Amino acid sequence: MVPQISITDSIYYVGVNDRTKDLFESLWPLPYGVSYNSYLIVDEKITLVDTVDICYSEQFFRQIERVIGDKPIDYLIVNHMEPDHSGSIGMLKRRYPNMQVVGNKKTFTMLKAYYPDITSDLVTVAEGDSLDTGHHKLSFVFAPMVHWPEVMFTYDATDKVLFSADAFGTFGTLDSHIIDSELDIEHYYQEMYRYYACIVGKYGSFVQKVLQKVKELNLPIDKVCSTHGPIWTNFGFQRAYDIYDQLSRYATEKGAVVLYGSMYGNTTVMADTIARGLGEAGIKHVVCHDVSRTNPSYILRDLFRYRAFIVGSPTYSNEIYMPILNILNMIRLREVKDHICAVFGSCTWAGQAVRKIVPIMEELKWEIVGEPLEQMGAPEEADLKKAFELGQAVAQRLHELYKE
Ligand SMILES: Cc1cc2nc3c(=O)[nH]c(=O)nc-3n(C[C@H](O)[C@H](O)[C@H](O)COP(=O)(O)O)c2cc1C
């Protein structure tokens with residue numbers, strides 16, 4: 001018989017892998033897929049922590065039945081109402097009609113919006129409340145805006161497990177195992193930067209608050225069970241924590257993203273020349289992204305990672321080239337802090353892109369390095385020299401900011 005997937009003697013993994021969704025939130029590609037994690041605590045009272053995307057409900061229910069047979073689920077704890085975790089609640093409640101749903105006030109406002117029929121057996125918990133399931137003692141730590149208002153963590157004091165909703169989550173299916181030490185873990189960390197930048201990125205101060213709160217609670221924790229990606233243990237948790245801590249403080253590394261849009265190659269040449277200026281001046285981490293070819297998630301990932309952001313756009317019908325404006329709006333929405341930047345562009349008769357990008361950088365309160373550049377048509381030798389020097393000036397500023 002295939003063994004159950006267990007986390008402790010009485011906590012089981014009943015989540016699923018999604019390798020068919022192309023775009024998470026219809027926005028972010030999933031080259032390694034994604035897992036929707038759900039956990040079953042088998043005790044005198046049987047408790048499920050979160051559910052899975054509705055597309056996987058049948059598989060999910062069968063996994064639950066493999067563990068508990070025809071016993072009923074007594075409690076469903078809803079740590080997060082986003083549909084990739086709450087999608088199976090309706091069907092689950094019909095299957096287990098006496099199941100009590102545990103959440104906070106905000107959870108139930110949202111539950112009503114998605115499942116107006118579920119009006120009874122609702123257990124409202126407040127911060128610090130506890131729930132006894134027999135042997136296990138569960139308590140609730142609120143994590144508002146990480147990354148929805150209702151989010152809470154559930155802490156199991158008996159097995160020292162923290163169920164952390166989307167916090168410490170990452171893209172990537174759990175192919176062979178669920179525990180970090182048993183997996184080829186590196187790509188989960190790499191995807192964690194992208195997951196954070198795209199999904200949680202706007203809410204750095206809230207992430208910091210909850211990290212601080214958990215630290216102050218000083219809970220003994222052996223395992224952290226997020227809703228996406230590996231179960232974190234002493235083996236791999238520290239690095240996951242450090243990534244969330246770093247990104248939520250907007251603490252960046254010494255490096256630069258050169259982002260450009262280009263229809264006929266002129267802005268590309270300027271971008272490459274700026275990047276060479278950075279490289280010649282000793283900056284090793286330089287990433288060039290063609291905005292039309294790279295999904296925004298990779299651009300946001302690198303932006304959250306590196307201090308310098310250099311953006312180039314042609315003027316298009318008196319405007320910033322649309323794909324560049326789209327990324328700038330995504331950055332605005334995330335209120336990304338504490339970057340240095342430079343601006344360049346290209347036009348043919350009346351440049352507008354550069355003069356429209358500069359106020360956006362100012363609004364973000366980013367330090368603008370050097371004079372913005374904008375050439376007409378193909379860059380001449382003098383334009384290339386300016387571009388190279390702009391790259392060097394950004395490099396110089398990075399050297400000052402990250403003294404070795
Ligand atoms: C559809 C379209 C609209 C454009 N609109 C403007 C414009 O409003 N003002 C301007 O000065 N140049 C305009 N241009 C010219 C481009 O900005 C110019 O060719 C630029 O060098 C293109 O950069 P690229 O080679 O990197 O694509 C336009 C070009 C195209 C194709």
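Atoms within each ligand, like the ligands themselves, are counted from 1 in listed order. This structure is a prediction, so every number in the text was calculated from the model and none was measured.
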Under a 3.5 Å threshold, yes or no: a donor from one side chain and an acceptor from the other, between His339 and Glu367?
no
Find all atoms of ligand 1 within a distance of less than 4.0 Å from any non-hydrogen atom belonging to Asn318, and give their numbers and elements.
7 (C), 8 (O)
For Asn17 and Thr173, does a side-chain donor sit closer than 3.5 Å to a side-chain acceptor?
no
Sub-4.0 Å atoms of ligand 1 with respect to non-hydrogen atoms of Gly265:
24 (P), 25 (O), 26 (O)
Counting both backbone and side chain atoms, is some N or O of Gly261 under 3.5 Å from an N or O of ligand 1?
no
Should you measure from each heavy atom of Ala350, which atoms of ligand 1 turn up under 4.0 Å away?
9 (N), 10 (C), 11 (O)
Think Lys254 forms a cation-pi with Tyr402, using NZ or CZ under 6.0 Å from the six-ring centre and within 45 degrees of its axis?
no
Does the side chain of His289 come under 3.5 Å of the side chain of Asp302 through a donor N or O and an acceptor N or O?
yes
Output yes when the distance from some N or O of ligand 1 to some N or O of Thr267 is under 3.5 Å, and no in every other case.
yes
Less than 3.5 Å between some nitrogen or oxygen of Met263 and one of ligand 1, yes or no?
yes
Is it the case that Ser130 and Ser139 place a side-chain donor and acceptor less than 3.5 Å from each other?
no
For atom 20 (C) of ligand 1, what is the nearest protein heavy atom, given as residue, atom name and distance?
Ser346 OG, 3.3 Å
Nearest-contact summary for atom 1 (C) of ligand 1 - protein heavy atom, Å
Tyr316 CE1, 3.5 Å
Just distances here: any N/O of Pro314 and N/O of ligand 1 closer than 3.5 Å?
no
For atom 28 (C) of ligand 1, what's the nearest protein heavy-atom neighbour? Residue, atom name and distance, please.
Thr315 O, 3.6 Å
Which protein non-hydrogen atom lies closest to atom 15 (C) of ligand 1, naming both residue and atom, and how far is it?
Thr348 OG1, 3.3 Å
Residues 342-361 side chain polar contacts: donor-acceptor under 3.5 Å, at least two apart:
{"unit_1": "Ser346", "atom_1": "OG", "unit_2": "Gln375", "atom_2": "NE2", "d": "3.4"}
{"unit_1": "Lys356", "atom_1": "NZ", "unit_2": "Asn318", "atom_2": "O", "d": "3.0"}
{"unit_1": "Lys356", "atom_1": "NZ", "unit_2": "Glu319", "atom_2": "OE2", "d": "3.1"}

Subset of ligand 1 atoms that lie under 4.0 Å from at least one heavy atom of Ser317
3 (C), 4 (C), 5 (N), 6 (C), 7 (C), 8 (O)
shortest atom 7 (C) of ligand 1-to-protein heavy-atom contact is with Trp349 CZ2, 3.2 Å
For this output row, return yes or no: ring centroids of Tyr188 and Tyr32 closer than 6.0 angstrom.
no
Face-on cation placement of Arg276 at Phe388 ring, 6.0 Å and 45° thresholds:
no
Tell me whether Lys45 is salt-bridged to Asp132, with the criterion being a basic N under 4.0 Å from an acidic carboxylate O.
no
